[in-house]
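Structure first, then comments.
Order of appearance sets the numbers: ligands from 1, and atoms from 1 within every ligand. Scope of the values below: all heavy atoms of this structure, side chains included, with no hydrogens, waters or symmetry mates.
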Amino acid sequence: MQGVRVVRGALDMARQTQLLSDLREVARAAPFLAPVTPGGRKMSVRMTSAGRVGWVTDARGYRYEARHPSGVDWPPIPGIALDVWRTWSGVDRDPDCCLVNLYGEGARMGLHQDRDEGDFRWPVVSISLGDEGLFRVGGTTRAAPTRSVWLRSGDVAILSGDARLAFHGIDRIRFGSSGLLRDGGRINLTMRVVD
Ligand code: SIN
Ligand code: FE2
């Protein structure tokens, strides 16, 4: 779909389960936050990060920060996520940030571009876990036509080349469609090179 590559079932069930358990450790060290847009809107997803820097948003804007708001360092990116990056990114440099989005029932993410990074020649690689999410992708203007695809647990999506700055978002999730997260929900990881 418009240059966004989707790799179905890139992670088998054993790796999905291991990655989920690694993410519980990430969230223990760097708890999920309830992000607010610079314009003051509460986002419906919960967020945290792993890596050298983490992506945050609040009244001061969208940005990468060296520490979680609690003052702790962001935990390391789980090895399974790094393996996915090394396999599918097509680049020989590791990511600086792995943003972790948690979608509970009714959560969504509006159409946006990932453009807080310094160099858009590096791709963004995303991993989906848990419930299915309806991923919408368009072009590099908000008005461009969009297409949608359901991302399932274990799928990987790569935004690179012309698609690196494609508008994208999650319209809705099918809450309870996967048994991976005991209480339902979807987790999406997006890895980025920041500088
Ligand atoms: C994002 O764009 O940060 C998340 C995309 C997704 O949840 O699949
Ligand atoms: Fe994004």
Side-chain angles (χ1 to χ4, degrees), residues 1-11 16 19-20 23 26 32-38 41 43-51 53-57 61-64 74 77 81 84-85 88-89 95-117 120 122-142 144 146-175 177-178 180-181 184-194:
M1 50 192 307
Q2 276 133 290
V4 175
R5 173 143 185 235
V6 175
V7 182
R8 296 292 188 186
L11 288 181
Q16 293 173 40
L19 180 52
L20 183 63
L23 290 171
V26 167
F32 280 101
L33 303 158
V36 177
T37 67
R41 277 185 304 108
M43 296 179 70
S44 55
V45 298
R46 298 288 177 268
M47 278 181 188
T48 189
S49 289
V53 291
W55 189 84
V56 298
T57 171
Y62 298 131
R63 64 197 184 277
Y64 287 94
W74 304 101
I77 299 177
V84 166
W85 172 276
W88 299 107
S89 69
D96 298 306
C97 173
C98 175
L99 174 64
V100 185
N101 290 140
L102 173 63
Y103 296 74
E105 191 163 13
R108 56 185 300 282
M109 185 171 296
L111 217 56
H112 66 278
Q113 293 172 297
D114 288 1
R115 54 177 316 141
D116 299 317
E117 302 73 34
F120 303 131
W122 301 107
V124 171
V125 175
S126 112
I127 305 173
S128 293
L129 291 175
D131 291 340
E132 294 168 22
L134 186 58
F135 184 58
R136 180 196 290 273
V137 186
T140 53
T141 62
R142 192 173 281 282
T146 62
R147 289 168 68 186
S148 297
V149 61
W150 284 98
L151 292 179
R152 296 187 288 262
S153 198
D155 290 351
V156 164
I158 304 119
L159 278 76
S160 63
D162 289 347
R164 172 62 180 78
L165 287 173
F167 276 85
H168 61 278
I170 294 287
D171 287 342
R172 61 181 186 276
I173 68 166
R174 276 187 184 133
F175 189 76
S177 55
S178 157
L180 189 72
L181 280 74
R186 171 175 187 265
I187 292 179
N188 179 263
L189 312 182
T190 47
M191 289 174 279
R192 305 97 185 272
V193 169
V194 171

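Ligand 1 places these atoms under 4.0 Å from at least one heavy atom of His168: 2 (O). When each atom of ligand 1 is checked for a heavy atom of Tyr103 under 4.0 Å away, the hits are 4 (C), 5 (C), 6 (C), 7 (O). For ligand 1, the atoms closer than 4.0 angstrom to any heavy atom of Asn101 are 1 (C), 3 (O), 4 (C). For ligand 1, the atoms lying closer than 4.0 Å to a non-hydrogen atom of Ile170 are 6 (C), 7 (O), 8 (O).
Looking only at N/O/S atoms, Asp114 comes nearest to the Fe ion (ligand 2) through OD1. Residue His112 approaches the Fe ion (ligand 2) most closely through its N/O/S atom NE2.
The minimum heavy-atom distance linking Ile77 with Met191 is given by the pair CG2-SD, 4.4 Å.
Within 6.0 Å of CZ in Arg63 there are more than 12 heavy atoms belonging to other residues, nucleotides or ligands.
How far CZ of Phe135 is from CZ of Arg152: 14.5 Å, rounded to the nearest 0.5 Å. Between atom CG of residue Leu189 and atom CG of residue Leu23 there is a gap of 5.0 Å, rounded to the nearest 0.5 Å.
The protein heavy atom nearest to atom 5 (C) of ligand 1 is Asn188 OD1, 3.6 Å.
When the options His112, Arg186, Arg108, Met109 are ranked by their closest heavy atom to atom 8 (O) of ligand 1, first place goes to Arg186.
Side-chain N/O atoms of Ser128 and Asp155 include no donor and acceptor closer than 3.5 Å.
Between Tyr62 and Trp55, the ring planes are parallel. Angles under 30° get that label, and only those over 60° would be called perpendicular.
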